[in-house]
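To keep things clear, I will list the structure first and then write my remarks on it.
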Protein chains: 2
Amino acid sequence: MIDDTAARAKVVEAADQLFYAHGVQAVGMDAVRTAAGVSLKRIYALFPSKDALVAAVLERRRAQWNAGIAARAADAATAREKILAVFDFLDGWFREPDFNGCAFINAYGELHDGNPDVTRTVREQKAAFQRYVADLVRDAGAPDPLAAQIAILAEGAQTTAAIAGTPEAAAQARAAAEVLLDAAMT
Amino acid sequence: MIDDTAARAKVVEAADQLFYAHGVQAVGMDAVRTAAGVSLKRIYALFPSKDALVAAVLERRRAQWNAGIAARAADAATAREKILAVFDFLDGWFREPDFNGCAFINAYGELHDGNPDVTRTVREQKAAFQRYVADLVRDAGAPDPLAAQIAILAEGAQTTAAIAGTPEAAAQARAAAEVLLDAAMT
DNA sequence: TACGATAGAGAACGATCGTTCTCATCGCAA
DNA sequence: TTGCGATGAGAACGATCGTTCTCTATCGTA
């Protein structure tokens with residue numbers, strides 16, 4: 001047998017992949033068990049319910065998002081470049097073969113009603129991203145309203161790329177962000 | 001008894017309201033029947049399956065979206081004002097008490113897998129909107145790439161407003177669109 | 001080797017859903 | 001009035017899902 005930490009990781013990873021590809025409600029716990037190779041009994045010992053597993057999956061997504069953004073920002077020297085690095089991160093993500101839109105938006109649309117934890121988690125994730133952008137905008141010396149505009153571009157790029165099934169929305173949003181930055185800094 | 005046209009309208013309207021508020025999979029056909037006041041037998045005589053009812057609901061949403069955009073555009077004199085009228089339409093929509101994001105995005109996130117009709121319908125709706133914006137951008141004498149940027153702002157405003165539960169994303173996106181328009185026309 | 005605790009495989013359970021079917025009721029033609 | 005076709009209300013059916021339970025095999029230890 002493997003220890004609890006490893007079993008948890010395998011279950012969350014398998015559930016993430018399945019939920020993200022097919023939607024939460026379309027995936028049964030049996031499918032998670034098969035994909036993770038962990039018995040149902042063990043899964044329910046690690047997570048009290050499917051909702052708790054969904055929460056763990058969203059937490060995993062949150063960590064991945066933050067790490068991906070931070071990695072791109074680390075290569076950028078200025079606050080302006082760190083802002084644009086967000087769209088470079090999105091560009092790379094949109095090109096991954098299993099990209100299927102923002103997992104938080106998908107989860108919110110599917111589960112917001114009847115699962116208040118999901119609503120709260122998604123709202124907090126988006127608010128945290130807006131704070132991240134707001135800090136960078138302030139560092140860049142640009143006026144505060146620019147932050148919300150940059151965040152809206154990032155959100156719009158995600159849904160546009162997901163539905164179109166093509167990655168060009170990242171570059172288009174990035175170009176728009178550059179124009180907005182230039183206009184704000186004059 | 002009421003005639004087929006009226007019964008169809010009542011069923012689609014009730015289903016739209018329920019699906020939009022709670023998600024498609026969370027609403028049973030019994031709930032549609034109760035809300036519409038039309039028997040299950042009649043519903044299945046009008047729509048061969050729940051999927052067909054979902055398709056009819058999306059078609060209704062498409063007509064409402066187009067009518068709402070057209071009504072706002074009718075008040076605008078120039079192509080530039082017609083572009084900005086999109087965000088005025090969004091602002092009014094976001095303030096409706098039952099606003100819950102874009103029904104097409106929600107349906108795509110919930111049903112894209114296992115219901116190809118939904119994927120196609122949503123993709124067509126978004127493509128049609130992009131063509132609408134592209135025509136206005138051309139009429140305004142602005143370069144083509146601006147169209148995709150405007151569309152991304154509109155998409156981002158919808159998801160941002162839905163998740164935050166507040167309408168200010170419309171005004172923020174409109175302000176960004178004005179800056180992009182000004183920069184493109186110089 | 002014998003034993004007790006444990007874990008996995010999957011059957012079982014209760015609930016729910018989409019869809020179909022039954023049956024009592026009603027309107028209407030002859 | 002009588003009989004027939006159609007309709008609505010909702011029971012019924014088969015499938016699926018989240019969750020729990022049973023049974024068997026395995027492992028470490030004395």
Side-chain angles (χ1 to χ4, degrees), chain A residues 1-58 106-107 109-118, chain B residues 1-58 106-107 109-118:
Chain A
M1 204 193 66
I2 55 182
D3 67 8
D4 280 3
T5 305
R8 261 189 84 98
K10 287 180 71 172
V11 171
V12 172
E13 182 180 348
D16 187 3
Q17 205 166 8
L18 290 169
F19 292 168
Y20 184 59
H22 309 292
V24 174
Q25 308 194 72
V27 172
M29 294 298 278
D30 261 12
V32 174
R33 156 235 180 97
T34 301
V38 175
S39 74
L40 272 180
K41 198 173 173 182
R42 192 95 189 276
I43 292 177
Y44 275 94
L46 294 165
F47 304 94
S49 68
K50 191 183 186 182
D51 282 353
L53 180 55
V54 170
V57 165
L58 289 182
N106 294 350
E110 189 177 355
L111 307 169
H112 68 94
D113 166 274
N115 195 335
D117 284 354
V118 167
Chain B
M1 204 194 63
I2 55 183
D3 67 9
D4 281 2
T5 306
R8 260 190 84 98
K10 288 181 71 172
V11 170
V12 172
E13 182 180 350
D16 187 5
Q17 206 165 8
L18 290 168
F19 291 168
Y20 184 59
H22 307 114
V24 174
Q25 308 194 72
V27 172
M29 294 297 279
D30 261 14
V32 174
R33 155 235 181 98
T34 302
V38 175
S39 75
L40 271 180
K41 198 173 171 181
R42 192 94 190 276
I43 292 177
Y44 276 95
L46 294 166
F47 305 94
S49 68
K50 191 183 187 185
D51 283 354
L53 180 54
V54 170
V57 166
L58 290 182
N106 293 350
E110 189 178 355
L111 307 169
H112 68 94
D113 165 275
N115 196 334
D117 284 353
V118 167

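In what follows, chains are A, B, ... by sequence order, proteins preceding strands, each numbered from 1. Keep in mind that what you see is a predicted model, and the values were worked out from it rather than measured.
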Are A/Val38 and A/Arg33 packed together at the side-chain level, in the sense that at least one heavy-atom pair is separated by less than 4.5 angstrom? no

Between atom CG in B/Leu46 and atom C1' in D/dT7, what is the gap in whole Å? 13 Å

With a 4.5 Å limit on heavy-atom distance, are the side chains of A/Phe19 and A/Lys50 in contact? yes

Beyond-backbone contact of A/Val12 with A/Phe47, side-chain heavy atoms, under 4.5 angstrom: yes

Using side-chain heavy atoms (C-beta onward) and a distance below 4.5 Å, is B/Met29 in contact with B/Leu40? yes

Euclidean distance, atom CG of residue A/Leu18 to atom P of D/dC17 [Å, nearest integer]: 12 Å

Test: side chain to side chain donor-acceptor pair (under 3.5 Å). Region: residues 6-19 of chain B. Which pairs qualify, not counting sequence neighbours? B/Asp16-B/Arg60, B/Asp16-B/Arg61

Angle between the end axes of the helix from C/dT1-D/dA30 to C/dA30-D/dT1, five pairs per end, to the nearest 10 degrees? 20°

Any donor and acceptor pair, going by atom type alone, linking the side chain of B/Glu110 with main-chain N or O of A/Gly23 inside 3.5 Å? no

Quiz question: going by heavy-atom distance under 3.5 Å, is there a donor-acceptor pair between the base of D/dG10 and the side chain of B/Arg33? yes

Within the structure provided, determine whether A/Asp117 and A/Asp51 are in side-chain contact (heavy-atom separation under 4.5 Å). no

Round to a whole Å and report the spacing from CG of A/Leu53 to P of D/dC17. 15 Å

How many whole angstroms separate atom CD1 of A/Ile43 from atom P of C/dA7? 15 Å

Are any of the side-chain heavy atoms of A/Leu111 and A/Gln25 separated by less than 4.5 Å? yes

One character per nucleotide, please: for nucleotides 18-24 of chain D, 5' to 3', B when the base has a protein heavy atom closer than 4.0 Å, S when only the sugar-phosphate does, - otherwise. SBB-B--

